[in-house]
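Single-structure report; data block below.
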Amino acid sequence: MSSSESVVHVAFLPSAGMGHLNPFLRIATLFLRHGCKVTLIIPKPVVSLAESNLISRFCSSFPHQVTQVDLNLVTLDPTTHNTKDPFFIQFNTIRHSVHLLPSILSSLSTPLSAFIYDVSLLSALLPITEKLSCPSYMVFTSAARMLCFFAHLHVLAAAANPCEEDTHPLPCSFIGDEVKIPGLASPIPRSSVPPLILQPSRNFFQSLAMEGSDKFTKPDGIFVNTFEEFEGETLRALNEGKVVKGLPPVYGVGPLIACEFEKVDQEQGQEGCMGSIWEWLDGKSEGSVVYVCLGNRTETRREQIKDMALGLLESGYSFLWVVKLKMVDKEEEEGGLEDVLGSELMNKVKEKGVVVKGFVDQMGILGHPAVGGFVNHGGWNSIVETVRQGVPILTWPQHGDQKITSEAVRLSGVGVWPQEWGWGTQELVKGKEIADRIKEMMGNKSLRVKVEEMKEAARRAAGVGGSSEAIIQRLIKEWKNNV
Ligand code: GDU
């Protein structure tokens, strides 16, 4: 066998948004560390600045191992999207552009060992992946618990309509008070189901979920950012065929953690904020700061911002508060926060905390000894990062999968989830309640003990000889044997 034949070459096709790009590049890095060659297929144009910055940092960090190839997206009639969410519009556009992929893949100079793609592309890509001569894998970018929900949806639909050929009835009227998933002790209540799935009118997310649900058996494997000690029962239920028969191996490759190339330069991004954040955090005592960030694509509701400020102030803790006023970072404008808070409240906020709108080095912040708790929207990548850094979580789901991910937080015991707050995009939470829950998270000793245990388990899973490395090594071996 010549040396070029023995090179393991993996192509990655991510979808839109940092919540999708981050896990992809982190999985790609696991393969790069084992000497693999990577082709990163990037749908162009990209939606946010944070994504384009990260892609360039990734590619320039591995100049000899990574090749970037553009997938130039087709232009679609805007009325076909059935969503106004710019990231979902991008999902849809990528799905309509995948016919361009075979020529890209066939023009690669080294034969492919594996093709790894985003869950949002599953049903659109199947006709293509079925013809590939290498195995293909899906990255499921949320919790294993959410994977159970999605994979089980079509079973519920079919059970509700046994005589109908169409197992994709819309709206999802077959979802009752709770969804019982075989193999999981705790059912998913209707109130945790992503609101778009329950919406009476057809929408993009609903169609995507229903179209994909019965196809989770098709990839050769599914990567999930989780690990045994964190979601063990769920991983076992999936891998023992309890949730859905015929699923391929579900690989818990987590915890996926930030890599060196992700470090945001001190000067980079809006306000070049990281330098002053480190300085401020360095001056705080251990575990005394509350970090607040509702992801990189959640625009905090203007009506909620004032109570959020009041709650943070009333909690008595110092805080680092990342507030995004726009869903896409390119649209973020100067100022804005003071208009909402008024100058008096804004001054009090600045006395006790730091407020930024730019993209921050979240993993670094979570790892700073001054940070003692994280108020987060339940974004799965953020949750896993927080677990790895051993910081207690207060989850405040805003939309989508974030209640199901918050259930995973509650079940594993690493955080607090005030369920009565409902969806952040629908309900308003008063400052007093926010303060009370922050105090509960920051002062709870047994929570801290549990979080420390999980941090250790996460460290083992991601470390040398851990479960994540074992999976990567096994797959590389399998692929080499396929040549
Ligand atoms: N991030 C930063 N700096 C910021 C803001 C975010 O580094 O200023 C990073 C976080 O560390 C994290 C990622 O951006 O790695 C955000 O991902 P999350 O999953 O935490 O949050 P999103 O809202 O972007 O993700 C959404 C859902 C997730 C998951 C994801 C992918 O909330 O649960 O489903 O999409 O599907």
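We count ligands from 1, going down the list as the structure has it; atoms in each ligand are counted the same way. Note that the structure is a prediction, hence the values are computed from the model and not measured.
With no hydrogens or angles considered, a side-chain donor-acceptor pair links Asp70 and Gln68 at under 3.5 Å. Side chains of Thr83 and Asp85: no donor on one and acceptor on the other come within 3.5 Å.
More than 12 heavy atoms of other residues, nucleotides or ligands lie within 6.0 Å of CD in Glu303, so this atom counts as buried by the packing criterion. Heavy atoms of other residues, nucleotides or ligands lying less than 6.0 angstrom from CD of Glu279 number 12 at most.
Within the 4.0 Å heavy-atom criterion, both parts of Asn381, backbone and side chain, lie near ligand 1. The side chain of Gln402, and not its backbone, has at least one atom closer than 4.0 Å to an atom of ligand 1 (non-hydrogen atoms only; side chain from C-beta on).
Taking only nitrogen or oxygen atoms, main chain and side chain alike, Cys293 does not reach within less than 3.5 Å of ligand 1. Some N or O of Ser382 is nearer than 3.5 Å to an N or O of ligand 1, by distance alone.
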Do Glu407 and Arg145 pass the salt bridge (charged side-chain N to carboxylate O under 4.0 Å, His left out) test, and can you show the C-alpha distance, the side-chain angles, and the key distance before you say yes or no? CA-CA 9 Å; Glu407 284 174 9; Arg145 187 168 174 82; 2.7 Å; yes

Determine, stepwise, if the pair Lys450 / Glu452 fulfils salt bridge (charged side-chain N to carboxylate O under 4.0 Å, His left out). CA-CA 5 Å; Lys450 185 72 209 168; Glu452 266 310 307; over 6 Å; no

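Evaluated by nearest non-hydrogen atom to atom 12 (C) of ligand 1, the leading choice among Glu51, Glu385, Met18 is Glu385. Between Asn376, Asp401, Leu256, it is Asp401 that holds the heavy atom closest to atom 27 (C) of ligand 1. Here atom 35 (O) of ligand 1 lies nearest to His20 when heavy atoms of His20, Lys324, Glu262, Lys357 are compared. Between the choices Gly19, Gly400, Ala143, the shortest heavy-atom distance to atom 30 (C) of ligand 1 belongs to Gly19.
The ligand atoms of ligand 1 that sit less than 4.0 angstrom from a heavy atom of Trp380 are 19 (O), 28 (C), 33 (O). Of all atoms in ligand 1, listed by their number and element, those nearer than 4.0 Å to a heavy atom of Asn22 are 9 (C), 12 (C), 13 (C), 14 (O), 15 (O). Atom numbering of ligand 1 starts at 1 in the shown order; those under 4.0 Å from a heavy atom of His377 are 20 (O), 21 (O), 22 (P), 23 (O), 32 (O).
Contact annotation: Gln398 has no heavy atom less than 4.0 Å from any atom of ligand 1.
Ion pairing between Glu228 and Arg236 holds under the 4.0 Å rule for side-chain N and carboxylate O. Ion pair Glu385/Arg26 flagged as a salt bridge, since at least one NZ, NE, NH1 or NH2 atom sits closer than 4.0 Å to an Asp/Glu carboxylate oxygen.
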